[in-house]
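Have a look at the structure below, then the notes.
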Amino acid sequence: MEEVKKYKVVGVMSGTSLDGLDLALCSFTYIKSRWCFTIDRCSTIAYNNDLKQSLATAQNLSAYDFVKLHREYGVYIGQEIVEFIEGEENIDLIASHGHTIFHEPKNNVTFQIGCGVQISAQTGLKVVSDFRTLDIALGGQGAPLVPIGDQLLFNDYDGCINLGGFANISYQQGESRVAYDICPVNIITNDIVKDAFDLPYDDKGKMGKRGTVIKPLLSELNNLEFYSLKAPKSLAREWVEDCVQPILSKYETNLAEDILATLYMHYAVQIVNVIDDNKLKNVLFTGGGTFNNYLMELISGLTAANVNIPSKETIDFKEALIFAFLGVLQQEGEVNCLKSVTGARKDNCGGSVTN
């Protein structure tokens, strides 16, 4: 008789768009040779201005202050989890992604702050964290990590696209899972909206919809070298600063709505190129960018593929759910990071454990 495995896990995620700390209490069951899940409770804790600023500028800190923030942010995560799980029993572990500050795989560097030891000390629970380091040590990109969850939890779809700070995709190609970052999304547009309108984001894409596409800017963006590179490949804040901001700075005198309109068209073109080039017919979209109605209209209008938008709960918390699942796989001693998507020398089981 097949063994039934059950886990109750808190998944923790903080994305590059700095929307807040995502917490998802998830239940996983392994039965009939497949993993099933439910999201039992979920919440996003918005960052206050001071913490948001600290995370946004952490790369500029001295070594001492950086380590101090790493510890303090771990305490903060732990305290928020304690409130979040009040009244819950039999939680097996916490799986925390932390918040990425440095990610330069070519230099063997990645760092997600949010100290797992501090989280464990605050909650009294086992914590799995630091999911990317092993893969980078094995010559991989350390990203993306979500595809193993897409493969095992969302295999009803040809592909899964997440629209967060960056857009990334995961899909099956023969026996291998293929995944990579497609283009930036909220990491750029949120900053533009904040600077121009003092708002956190472009609600439903209304501001961009009012704008007019700047054709020379669109052409420059679409011709960035990254888009011609083969996978595995990943993007980070450093790439935006080095490759995209210099282009945008040439158009700062244009209306912000026009810049946004151009960026949305750029995102849609790059996303649809990937969908159509790989002949994907049934694609799941999640992440905060999915609420940008205008961007989703552009994507739907450029492809014949079925564009599937799930429940708000799944949209908002899919990454936290999958990091919870990565923690489960780590505890099972199963692969939770695929060499086919990161370029590492071998599949691996990443994560540091604090009991």
Side-chain angles (χ1 to χ4, degrees), residues 15-17 59 100-111 132 135-136 139-147 159-171 173 176-192 208 213-252 254 258-280 283 287 289 295 298-299 302-303 338-345:
T16 51
S17 54
Q59 69 274 11
T100 299
I101 304 300
F102 298 107
H103 185 70
E104 298 183 39
K106 64 182 180 181
N107 295 325
N108 198 23
V109 170
T110 191
F111 202 95
R132 301 184 188 273
D135 189 77
I136 286 184
Q141 293 277 315
L145 296 183
V146 168
C160 297
I161 292 178
N162 184 72
L163 302 178
F166 298 93
N168 53 63
I169 188 167
S170 161
Y171 58 93
Q173 192 173 72
S176 297
R177 195 73 184 180
V178 177
Y180 47 90
D181 287 341
I182 301 173
C183 62
V185 184
N186 296 334
I187 191 172
I188 297 177
T189 47
N190 284 1
D191 282 349
I192 290 172
V213 171
I214 305 166
K215 291 183 180 179
L217 172 57
L218 179 62
S219 179
E220 284 197 71
L221 292 171
N222 283 335
N223 284 312
L224 283 165
E225 181 187 12
F226 178 83
Y227 302 126
S228 64
L229 300 177
K230 294 183 178 180
K233 56 183 181 177
S234 61
L235 293 169
R237 170 186 52 79
E238 293 87 348
W239 179 84
V240 172
E241 293 173 353
D242 293 343
C243 299
V244 180
Q245 294 299 349
I247 295 174
L248 293 178
S249 66
K250 295 188 291 186
Y251 296 87
E252 284 181 347
N254 289 80
D258 294 346
I259 302 291
L260 290 170
T262 307
L263 285 166
Y264 292 152
M265 181 58 73
H266 168 61
Y267 303 157
V269 167
Q270 295 305 323
I271 289 165
V272 169
N273 282 346
V274 169
I275 292 172
D276 291 352
D277 288 349
N278 292 287
K279 298 179 173 57
L280 305 179
V283 183
L295 175 58
L298 290 174
I299 293 169
L302 292 174
T303 182
L338 299 168
K339 66 178 182 180
S340 63
V341 304
T342 69
R345 292 191 292 276

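Just so it is clear, the model here is predicted, and its values are computed rather than measured. In what follows, residues are counted from 1 in the order of the sequence shown.
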### Query
So do Ile161 and Ile299 actually touch side chain to side chain, heavy atoms under 4.5 Å?
no

### Query
Where do Thr100 and Arg132 come nearest, in terms of heavy atoms and distance?
OG1-NE, 4.3 Å

### Message
When you compare the side chain of Leu221 with that of Leu263, does any pair of heavy atoms fall below 4.5 Å?
### Response
yes

### Message
Once rounded to the nearest 0.5 Å, what's the spacing between atom CG of Leu248 and atom SG of Cys243?
### Response
11.5 Å

### Task
Working to the nearest 0.5 Å, report the span between CE of Met265 and NZ of Lys215.
10.5 Å

### Task
Measure the spacing between CD1 of Ile188 and OH of Tyr267 and express it to the nearest 0.5 Å.
4.5 Å

### Message
Quick check: closest heavy atoms across Arg177 and Val341, and the distance to 0.1 Å?
### Response
O-CG1, 3.1 Å

### Query
Any salt bridge (charged side-chain N to carboxylate O under 4.0 Å, His left out) pairs touching residues 234-246, not counting sequence neighbours?
Arg237-Glu241

### Task
Would you name the heavy atoms of Ser234 and Pro105 that are closest together and state the gap between them?
OG-CG, 4.4 Å

### Considering all heavy atoms, the nearest Phe166-Pro184 contact
CD2-CA, 3.5 Å

### Task
For Phe102, check ring pair (Phe, Tyr, Trp, His ring centres under 6.0 Å) against everything at least two apart and list the hits.
Phe66

### Message
Working note: Thr342 + Ile136, criterion side-chain contact (heavy atoms from CB on, under 4.5 Å); need CA distance, chi angles, decisive distance, verdict.
### Response
CA-CA 9 Å; Thr342 69; Ile136 286 184; over 6 Å; no

### Message
Checking Leu217 against Ile247 for the side-chain contact (heavy atoms from CB on, under 4.5 Å) test, could you report, in this order, the C-alpha distance in whole Å, the side-chain angles of both residues, the deciding distance, and whether it holds?
### Response
CA-CA 8 Å; Leu217 172 57; Ile247 295 174; 3.6 Å; yes

### Query
Can you tell me how far CD1 of Ile259 sits from CG of Asn254, rounded to the nearest 0.5 angstrom?
5.0 Å

### Message
Please report the interatomic distance CG(Asp181) to CD1(Ile169), rounded to the nearest 0.5 Å.
### Response
11.0 Å

### Exam field: side chain Ser249 to backbone Pro246, donor-acceptor pair closer than 3.5 Å
yes

### Query
ring pair (Phe, Tyr, Trp, His ring centres under 6.0 Å) with Tyr180: which residues, sequence neighbours excluded?
none

### Message
For a quick test of reading the model, state the closest non-hydrogen atom pair linking Tyr227 to Ile182 and the distance between them.
### Response
CE2-O, 3.1 Å

#### Entry: pair Thr189-Leu260: side-chain heavy atoms closer than 4.5 Å
yes

### Query
By side-chain hydrogen bond (donor to acceptor under 3.5 Å, both in side chains), which residues pair with Lys250, not counting sequence neighbours?
Glu220

### Message
Can you give me the closest heavy-atom contact between Asp135 and Ala344, atom names plus distance?
### Response
OD1-CB, 3.2 Å

### Query
Is there a side-chain contact between Leu163 and Ile271, using heavy atoms and a 4.5 Å cut-off?
yes

### Task
List in chain and number order the residues that pass side-chain hydrogen bond (donor to acceptor under 3.5 Å, both in side chains) with Asn222, two or more places apart in sequence or in another chain; answer none if no residue qualifies.
His266, Gln270

### Exam field: side chain Ser176 to backbone Gln173, donor-acceptor pair closer than 3.5 Å
no

### Query
Which value, rounded to the nearest 0.5 Å, describes the distance between Trp239 atom CH2 and Glu225 atom CD?
10.5 Å

### Query
According to the salt bridge (charged side-chain N to carboxylate O under 4.0 Å, His left out) rule, which pairs have a member within residues 271-280, sequence neighbours left out?
none

### Message
Looking at Thr303 and Val272, would you say the former's side chain and the latter's main chain have a donor-acceptor pair under 3.5 Å?
### Response
no

